[in-house]
Amino acid sequence: GAVVSQHPSWVICKSGTSVKIECRSLDFQATTMFWYRQFPKQSLMLMATSNEGSKATYEQGVEKDKFLINHASLTLSTLTVTSAHPEDSSFYICSAREQGRHIQYFGAGTRLSVL
Amino acid sequence: GQQVMQIPQYQHVQEGEDFTTYCNSSTTLSNIQWYKQRPGGHPVFLIQLVKSGEVKKQKRLTFQFGEAKKNSSLHITATQTTDVGTYFCAGDNQGGKLIFGQGTELSVKP
């Protein structure tokens, strides 16, 4: 199956710093990428949909200035958590989808801990 | 907004017993997908169901899509310890977004 690489897999940072997470589709072109957040023992909550070359579409309640998303190429999307605070600590997962297909392939996720 | 309800939240079974998880959408879906997430891992795609009434099998796993395309089920026959994890259904409403159910956490006692 298709491979999606997410980096870093784990990050600890101080409160107030910014953290960038990368999501890459390795063997296909991802016209659309999705960013999810997952709290322990809970389901995946969609944060935003990222289309290559255009602005991301954020879900209700997600601050676009807090979670900056860039999808500059067909194989790379980035999520930057700006001025991170302890409440931003979570498991962030990206997924990628090929044009015309419905299946989403997930990255391994990034565990963010903000001290 | 669209919701996908999944039950049960937890299921503890003895190895060899069967297991079923159910999903119900508030709206008609264009397709439904199932994912498995192992503890500490990320969701892994299992299958996609598209047609009304569709039934698909993968070894001991049987997936069904309801006639109205609003509900789905995953049944595992004779569970094994390797089946442990959380199973998520995710509905696609043609808007391109997946709406995930709450997941069913399966534990298997050897």
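What you see is a predicted model; the values in this text were computed from it and never measured. Below, chains carry the letters A, B, ... as their sequence lines are ordered, and counting in each starts from 1.
Looking at A:Leu44, the atoms closer than 4.5 Å to chain B (heavy atoms on both sides) sit in the backbone and in the side chain alike. For B:Gln37, the part sitting under 4.5 Å from any heavy atom of chain A is the side chain, from C-beta outward, and nothing else. Proximity to chain B is limited to the side chain of A:Gln38, based on heavy atoms less than 4.5 angstrom apart. Proximity to chain B is limited to the side chain of A:Ile93, based on heavy atoms less than 4.5 angstrom apart. When heavy atoms are compared at a cutoff of 4.5 Å, A:Phe34 approaches chain B solely by way of its side chain, counted from C-beta outward.
Linking Ile, Leu, Val, Met, Phe, Trp and Tyr whenever their side-chain heavy atoms come within less than 4.5 Å leaves B:Leu61 and B:Val50 in two separate clusters. Each of A:Ile21 and A:Met33 belongs to its own hydrophobic cluster when Ile, Leu, Val, Met, Phe, Trp and Tyr are linked at side-chain heavy-atom distances under 4.5 angstrom. No continuous path of hydrophobic side-chain contacts links A:Tyr36 to A:Val81 [ILVMFWY only; heavy atoms under 4.5 Å]. A:Trp35 is not connected to A:Phe91 by any chain of hydrophobic side-chain contacts under 4.5 Å among Ile, Leu, Val, Met, Phe, Trp and Tyr, and they are in different clusters. The hydrophobic clustering, which links ILVMFWY residues whose side-chain heavy atoms are closer than 4.5 Å, places A:Tyr58 and A:Met47 together.
Rounding to the nearest 0.5 Å places CD of A:Gln42 at 9.0 Å from CD of B:Gln9.
In A:Arg101, the CZ atom is not crowded: 12 or fewer heavy atoms of neighbouring residues, nucleotides or ligands sit closer than 6.0 Å. With a 6.0 Å radius and a threshold of 12 heavy atoms from other residues, nucleotides or ligands, A:Lys55 has its NZ atom at or below the threshold.
Between A:Gln6 and B:His42, the closest side-chain pair of non-hydrogen atoms is not below 4.5 Å.
No donor-acceptor contact under 3.5 angstrom links the side chains of A:Gln104 and B:Gln33, judged on distance only.
A distance-only check finds no donor-acceptor pair linking the side chain of A:Ser43 to the backbone of B:Gly103 [under 3.5 Å].
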